[in-house]
Amino acid sequence: MASTRGAQILVASNRGPVSYTLDETGTLTSKRGGGGLVSGLSAIGPDAGALWVCSALGEGDREAVRRGVGEPGVRMLDVDADVHADAYNGIANSVLWFVHHMLYQTPLEPVFDAEFRRRWAAYETYNHAFAAALAEEAAEGAAVLVQDYHLSLVPRMLRELRPDLRIGHFSHTPWAPSEYFRMLPDDIAAQVLGGILGADRAAFLTQRWADAFTDCCHAVLGPGIPSGTRIGVHGLGADADFLRERAHRPDVDERMVALREQVGEGRKTIVRVDRTELSKNIVRGLLAYRELLASRPDWRERVVHVAFAYPSRQDLAVYRDYTAAVQRLTDEINAEYGTPGWTPVVLHVKDDFARSLAAYRLADVALVNPIRDGMNLVAKEVPVVSDEGCALVLSREAGAYEELGEDAITVNPYDVVGTAVALHEALSMPAGERAERTKRLAGAATALPPARWFLDQLHALDT
């Protein structure tokens, strides 16, 4: 398939750098996104011939594509809405995400039946739409960086269409151990691995996830695989300059005043900022806080758990149930321990980035206890913007543990009593030690900022 437009650098991801909303008058409004990819692409400059291929995710996006509305350097694909729903919710978020984060309740799930196969066909169609668009847009010998589990089949499909291209695939999730990964039907497991192995280079957030991928290749495809695909590791870091500047704008200062009023004078804060994603382990975090109040009554009225749990994937019933469980447990803790002058848990469920940054600055303790996480940037962001220094309670199952574990208080995410002990230790940490640890954590957290993370992957395709 010949190139028609000739982009030299291409990024492919399910979500793009811009989204559109459609109001009742038919007016389209665009909104720019952020994140590592946006920072990375901006680092290469406007003259690099870069193109971002992404999917239309909602009716506003689809209408923008139909009207020919767009931004330079972005191609949005209007994949059939039903196909996208089956690929995105039916496979990517309900199967591949669950496998890599080891979230299944195995006595009952998964069940790989005919309906699964129908959805898998949609996932193949979705991936092929990306491969075809990339093949059409790429210049001879261009570099293509394919992102994440939504597009695990794209590298192989694209290789077949355009063998001249330099292709990379990056996994932002953990990678499941081989015994868990092999819950997938054998042919599907082989297809996922083979899809990624179509790339010249497959990269991961930590060495642990890279090794797990290699183990799966050996177990499913045989010894010696991967052979032609190089494996790399790029531990995405926090964008220190952006965070520090953004965290001191007036809207953040306003949120800090409001949070201080909610917390109360002289009290310590345990802060968490998460989406209500099953893997984030918010419920066990709340249970650990309740255990702290039960076992260490001296902390009652002296500490507040500031919990931001922003709704995620609410079109899936299991996520709606989880969000409700977070709210229910919060209410129980406040009813059991609250007093007229003290609310033990301050829960916010409406996404507010400025308020999150205010909480980062105020935090005495940051609780990051995922069941499993590819990296977890919150663990890296809090030390960067903390005003007075912050003790980090960190799950050993977060990818960030590889870089931050030495200066964090490490927990087993399933151990509620152990996490309560860790919270007590963190709250009791002397100010000097907390400040020194925060300084080292911030240094490790910013070792590979987003722009450098992106450029390193790009340059690695040349070697």
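Computed from heavy atoms alone, side chains included, the values below leave out hydrogens, waters and symmetry copies.
When each of L287, V345, L347 is paired with I333, the side chain to side chain contact (heavy atoms under 4.5 Å, CB included) condition holds for V345 and for no other. The only member of R396, K280, R272 that meets side-chain hydrogen bond (donor to acceptor under 3.5 Å, both in side chains) when paired with N369 is R272.
Between the side chain of H169 and the main chain of Q147, no donor-acceptor pair closer than 3.5 Å is present. The main-chain N or O of H150 is found under 3.5 Å from a side-chain atom of N127 such that the two form a donor-acceptor pair. When atom types are taken as modelled, the side chain of D373 and the backbone of G399 share no donor-acceptor pair closer than 3.5 angstrom. D113 places a side-chain N or O within 3.5 Å of a backbone atom of E115 that can act as its donor or acceptor partner. Checked by atom type and distance alone, the side chain of Y289 pairs as donor or acceptor with a backbone atom of P344 at under 3.5 Å. Proximity of a side-chain donor or acceptor of W209 to a complementary backbone N or O of G374 within less than 3.5 Å is detected. Between the side chain of R162 and the main chain of E136, no donor-acceptor pair closer than 3.5 Å is present. Although no hydrogens or angles enter the test, the distance criterion places a donor-acceptor pair under 3.5 Å between the side chain of S395 and the main chain of P370. Not a single donor-acceptor pair under 3.5 Å links the side chain of R118 to the backbone N or O of A114. Of the possible polar contacts, one joining the R355 side chain to the K350 backbone as a donor-acceptor pair under 3.5 Å is found.
The NE2 atom of H218 sits 8.0 Å away from the CD1 atom of I225 when rounded to the nearest 0.5 Å. Considering CG of D274 and CG of N281, their distance stands at 9.5 Å, rounded to 0.5 Å. We find the CG-CZ distance between N93 and F98 to be 8.5 Å, quoted to the nearest 0.5 Å. Atom CZ of R75 sits about 8.0 Å away from atom CG of L51, to the nearest 0.5 Å. Put simply, CZ on R156 and CG on L161 are 12.5 Å apart, with the number rounded to the nearest 0.5 Å. Atom-to-atom distance recorded for N376:CG and E397:CD is 12.5 Å, nearest 0.5 angstrom.
Side chains of V74 and P17 form a contact here, defined as non-hydrogen atoms less than 4.5 Å apart. For the pair F181 and D215, the minimum side-chain heavy-atom distance is 4.5 Å or more.
Atom CG of D186 sits in a sparse spot, with 12 or fewer heavy atoms from other residues, nucleotides or ligands closer than 6.0 Å. With a 6.0 Å radius and a threshold of 12 heavy atoms from other residues, nucleotides or ligands, D164 has its CG atom above the threshold.
Neither side chain, Y20 nor E59, offers a donor N or O lying under 3.5 Å from an acceptor on the other. Side-chain atoms of D331 and Q327 include a donor-acceptor pair closer than 3.5 Å. Remark: the T206 side chain and the Y401 side chain contain no N/O donor-acceptor pair separated by less than 3.5 Å. Counting only N and O atoms by type, the side chains of Y88 and S55 include no donor and acceptor under 3.5 Å apart.
The pair R208-E402 does not meet the salt-bridge criterion, since no charged nitrogen lies less than 4.0 angstrom from a carboxylate oxygen. Contact check on R117 versus D187 returns a salt bridge, with a Lys/Arg side-chain nitrogen under 4.0 Å from an Asp/Glu carboxylate oxygen. Of the charged side-chain nitrogens involved, none lies within less than 4.0 Å of a carboxylate oxygen, so that R284 and E291 do not count as a salt-bridged pair. Using a 4.0 Å cut-off between charged side-chain N and carboxylate O, R246 and E381 make no salt bridge. Electrostatic pairing of D351 and R275 does not count as a salt bridge here, judged by no charged N lying under 4.0 Å from a carboxylate O.
Classification of the F213-W175 ring pair by plane angle, with boundaries at 30° and 60°, yields perpendicular.
Partners of Y126 according to the ring-ring contact (aromatic ring centres under 6.0 Å, His included) rule, which considers only residues two or more places apart in sequence or in another chain, are H84, F130. With sequence neighbours left out, H348 forms a ring-ring contact (aromatic ring centres under 6.0 Å, His included) with F308.
In terms of heavy-atom proximity, S94 sits nearest to N89 at OG-O, 2.5 Å. Taking every heavy atom of both residues into account, A309 and I282 meet most closely at CB-CD1, 4.0 Å.
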